[in-house]
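What you see is a predicted model, and the numbers here were worked out from it, not measured in a lab. Heavy-atom basis, side chains included; hydrogens, waters and symmetry copies ignored. Below, chains carry the letters A, B, ... as their sequence lines are ordered, and counting in each starts from 1.
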There are 2 protein chains.
Amino acid sequence: MLTDTIHIAIVEDDNEIRQTLQLILDGSAGFACKFAFADAESAIASIPDLPVDVVLMDIDLPGKSGIEATRELRKRIGEIDFIMLTVQSDDDSIFESLCAGASGYLLKDTNPADLLVHIKEVHEGGSPMSSQIARRIINSFRIIDNPLSDRETEVLKLLSQGLNYKDVAETMFLSPHTVKTHIKNIYSKLHVNNRAEAIYKAIKQKLI
Amino acid sequence: MLTDTIHIAIVEDDNEIRQTLQLILDGSAGFACKFAFADAESAIASIPDLPVDVVLMDIDLPGKSGIEATRELRKRIGEIDFIMLTVQSDDDSIFESLCAGASGYLLKDTNPADLLVHIKEVHEGGSPMSSQIARRIINSFRIIDNPLSDRETEVLKLLSQGLNYKDVAETMFLSPHTVKTHIKNIYSKLHVNNRAEAIYKAIKQKLI
DNA sequence: AAATCAATCGCTCTTATGGGGTATTTTCAG
DNA sequence: CTGAAAATACCCCATAAGAGCGATTGATTT
């Protein structure tokens, strides 16, 4: 944007919340909130042509969801930041929102003062979210349990880099036969019978 | 823990930081910090037997890293929360830390008052992290761009399930030749030359 | 002391894979 | 309407991969 003012748009179906929010935001120094939409469709149609820095997006909208709207708007305009607002945070909508391109994820009961801080954070390249929501995201990084031995994991990592038996053997200073044995054991432990599926499963289970 | 007091341990090699931190934490109401270690090895040896709720773990330790220490301690004790402390945040150490089981990730310049708040948050099931760090994590959910066509993506998904040429062809009602052509195009687009690497790259780029 | 598991090395055989081509039809955007 | 991209189909050939066998050594655990 041209000025220091952060230009905000709101997408929220509840009239009272939307109007109140708009009043508060537009009345705060350094912030402008001239645009507010009650549904995803009108937001998708208008926002691409508006001078907006940050969009506050309600997730539970009638018709198309806020996540859908974020996804579609993101495709067309990369420079806008989206902060999802929701009453309750379930894992699925958190991850869907993030994949759709949301930069922040806040609960609706966030008080206006904090909201302003968070909007500023987003605009400065941060990703505000409550500590609880962060934990859920972090938990998605956790490793469930690793049936593979250290050597097997090493082998699998090299395989995922595209190396073949011989190359893995050379890299690990092993006989190709040993590598083959490791691979067979990997397949057996992961209950797969080829490389492709082994790597897929291993990544999904965060083994490599 | 038995009481309302949150019991903290520090792992930090810088003597001054460690001692200062311990003094501040142990002197704060509701917090106790009776244990501090200067290296990963002694922390790993002692912490499993100590009554500790939250560990503040420096990442850059001499010898074994704080990430390693977290990983090993996590394996043995599930109930302790780890907050990583670091001077600078590079993407790799953030993700490694999360995978190792860290619950929070803070910069060392966090002021003591905030640190206490964050320790409390972790202990209550949250995951405190700066807005900037959160953004990096969130960005890891983004899809960069998908060079693959729909059919190619379909083929790759089936390959990742362990299907071979023939099976993919049957599943998609195609000639095996066509499947082969798709696979060759996939390899070319992803700049790989075998299935393993293709699947690895595709998953890392969230194409499948 | 026994048992288990990881890590190492070896063999044979069939089949799948990947690289090198070529070519037609359909679809979609400019 | 036209041209590019996608989707479809086919050939040959050398090699890698996977299945099915067996075997020794050294830790760790019980």
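Spacing between atom CG of A:D150 and atom P of C:dC5 amounts to 16 Å, rounded to whole angstrom units. Nucleotide C:dG19 holds its C1' atom 13 Å from the CG atom of B:N185, rounded to whole Å. Between the CE atom of A:M172 and the P atom of C:dA6 there is a distance of 14 Å, rounded to whole Å. A straight line from CD of A:E154 to P of C:dA6 spans 15 Å, rounded to a whole angstrom. Going from atom CZ of A:F173 over to atom P of C:dC9 covers 13 Å, rounded to whole Å.
Regarding contacts with the backbone of D:dT8, every side-chain N or O of B:T178 stays at 4.0 angstrom or more from both OP1 and OP2. Here A:H177 does not reach the OP1 or OP2 of C:dT8: none of its side-chain N or O atoms lies under 4.0 Å away.
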Quick one, give me the B/S/- string for nucleotides 14-30 of chain D, reading 5' to 3', where B means a protein heavy atom under 4.0 Å from the base and S means that only happens at the primed atoms, P, OP1 or OP2. --SSBBBB---------
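B:K120 NZ: 12 or fewer foreign heavy atoms inside a 6.0 Å radius.
Salt-bridge formation is not detected for the pair A:E197/A:K201: no Lys NZ or Arg NE/NH1/NH2 atom is positioned less than 4.0 Å from an Asp or Glu carboxylate oxygen. Between B:R136 and B:D90 there is no salt bridge, since no side-chain nitrogen of the basic residue lies less than 4.0 Å from a carboxylate oxygen of the acidic one. A salt bridge does not link A:E41 to A:K64: none of the charged side-chain nitrogens sits closer than 4.0 Å to a carboxylate oxygen. For A:E12 and A:K108, the salt-bridge test passes: some basic side-chain N is under 4.0 Å from an acidic carboxylate O.
Considering CG of B:N164 and CZ of B:R195, their distance stands at 7.5 Å, rounded to 0.5 Å.
The side chain of A:L174 lies closest to C:dC9, out of C:dA6, C:dC9, D:dT8. The side chain of A:S175 lies closest to C:dG10 when the candidates are C:dG10, D:dC10, D:dA7.
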